[in-house]
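Order of appearance sets the numbers: ligands from 1, and atoms from 1 within every ligand.
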Amino acid sequence: MHIHSKLPNAGTTIFTVMSTLATEHNAVNLGQGFPDYTMSEELIGHVTEAMKNGFNQYVPMQGYMPLREVLAEKIKYLYQTAVNPATQVTITPGGTYAIYTALTTVLQPGDEVIIFEPAYDSYIPNAEVNGAVPILVELKFPVYKIDWAEVRKKISPKTKMIMLNSPHNPTGAVLLEEDMNELRSIVKGTNIFICSDEVYEHLIFDDIPHQSILRYPDLLERSFVCFSFGKVYHCTGWKLGYCISSPELMKEFRKVHQFNCFSCHTPSQVGLSKFLKNKESYLSLPLFMQQKRDYFLKLMKETKFGMLESKGSYFICATYDRISNEPDKDFSIRITKEYGVTTIPVSVFYRSGTDNKVVRFCFAKRNETLEAAVEKLVTIR
Ligand code: PMP
Ligand code: GLN
C-alpha cells in the first residue's frame, strides 16, 4: 500500500524520544513537561465521588454545564470579561486538541499562519495537516520577545491566523500589555483570527499579570483561547482542557469537535466543577510554581550552565557554552547517557533547527528530584 503522507516532515515528538531515553538510562527526567509530585487530594476526592454518584455517562458535547459555568465565573473574576457558558465555552480532551480543533475550524489550503519560533511542536504540523502555510517569526535569543515590526512585515492578504503562546513553552517568556496593544493594532479591521495557547495560565511569576486574550473583548471576538486542566492542576495524564471563543466562532469549532471526540471524561468534569468553586485552587498556583523555579535556579548556580530568564510555565532554558560546543541534540543525549539527567534541546522547536546551544529544563518537580538532578549536573565540567 502506498500512503501519501500528510506530514512528510514529522518524526516522533521529542518529548517521547527524550522520555524513552531517560527511562532506558534511568536518568532524572527534567525533559518532558509533567509534574512528579502528587496532585490535589481534594480534586481526586471530588472525581471519585462523582464516579460513585453515577456520573459515568456522556455529558453534552459542549461539556458538563456546571464546569462551563464555574469557568465563566472564574473568567469574569480574573479578567472582567463576561463569557456565556452556553455558547462560548467547550470542554476538550486537552489543550493540544483544543489548538488542533481551532486551526482545523478556520484554516483552508493555502492560508498563512504566523507562528513564533521556538514554537511548541504541534503548531506547525497542525497548520500543515490543514494545507496551510506556516509563516515563521523568530523570537530572538536570549530574551525571546516578539518583534512586532517583523510581524507587520510578514502579514499578507493570505494571513488567516496568528498563533500566540504565553506563558511560553519552551522559553518561559510572557506577553506584556504592550504586546497585546501591538497585536490589537495589527489585527484591527482585518479578518485575521488568533489562536492563543494559554495552557500555562496561572503559572506566571514575579506578580506579572497574565495577559490573557480574555482581557480584551476586541481580541476575543476573533480568537480561540486554549487551556489545559492537566497542566495547571498537576494531572497532565488527564488530558482535559477547554476552549473559549466568541459565540459565532465557537459554533464552527463545535462542528469539528463533535465529530472528533464528541464529549470528554465525565467524572473529571464533575470533580473540577466543584474544585474550581474555591478560588484558592487557582490563586495558589503562581507562587507554588514560582517557588519551584526559584529553588531550581538557586541549585543551578553551582553548575556551569547559564540560566536564562523564565517568567512563567514549567520551564527554564539554559546555555551550556561554558561546557561544550556540541549541537544541542547531541549534548542532551550525551548528558542523559553519561550523567543521568534528561533535558530537551531547544533547536527542535525551530523548523530550520536553529541551534543557539540552549536546553530546556522542566522544574515542575519535587524538590528531591531537582536536587538529584543538580547533584549530577554539577559534575559536568
Ligand atoms: N501547549 C503547550 C505550549 C504545551 O506545553 C502543552 C503541554 N502538553 C500543551 C499545549 C498541551 O496541553 P495538554 O496536555 O492539555 O494537551
Ligand atoms: N507540553 C509538554 C512539554 O512541552 C509535553 C507534552 C507532550 O508530551 N506532548 O514537555
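Around ligand 2, the residues contributing at least one heavy atom under 4.0 Å from the ligand are Phe15, Gln32, Gly33, Tyr120, Asn169, Tyr200, Lys231, Phe315, Arg360. Around ligand 1 you find Gly94, Gly95, Thr96, Ile99, Tyr120, Tyr123, Asn165, Asn169, Asp197, Val199, Tyr200, Ser228, Lys231, Lys239, each with a heavy-atom distance below 4.0 Å.
Each salt bridge (Lys or Arg N to Asp or Glu O under 4.0 Å) pair with one or both residues in residues 184-194, not counting sequence neighbours, appears once here: Arg184-Asp218. Listed by first and then second residue, the ring pair (Phe, Tyr, Trp, His ring centres under 6.0 Å) pairs that reach into residues 22-66 are Tyr37-His234, Tyr37-Phe288, Tyr58-Phe262, sequence neighbours excluded.
In this model, a donor atom of one side chain and an acceptor atom of the other lie less than 3.5 Å apart for Thr90 and Arg254. Side-chain contact, Thr96 with Ser122: no donor N or O sits under 3.5 Å from an acceptor N or O.
In this structure, Tyr120 has its ring center at least 6.0 angstrom away from the ring center of His168. The aromatic ring centroids of Phe227 and Tyr242 lie less than 6.0 Å from each other.
Judged by distance alone, the side chain of Asn165 and the main-chain N or O of Asp197 form a donor-acceptor pair under 3.5 Å. Within the 3.5 Å criterion, the main-chain N or O of Gln211 finds no donor-acceptor partner in the side chain of Glu177.
With rounding to the nearest 0.5 Å, the separation of CD1 in Ile344 from SG in Cys362 is 9.0 Å.
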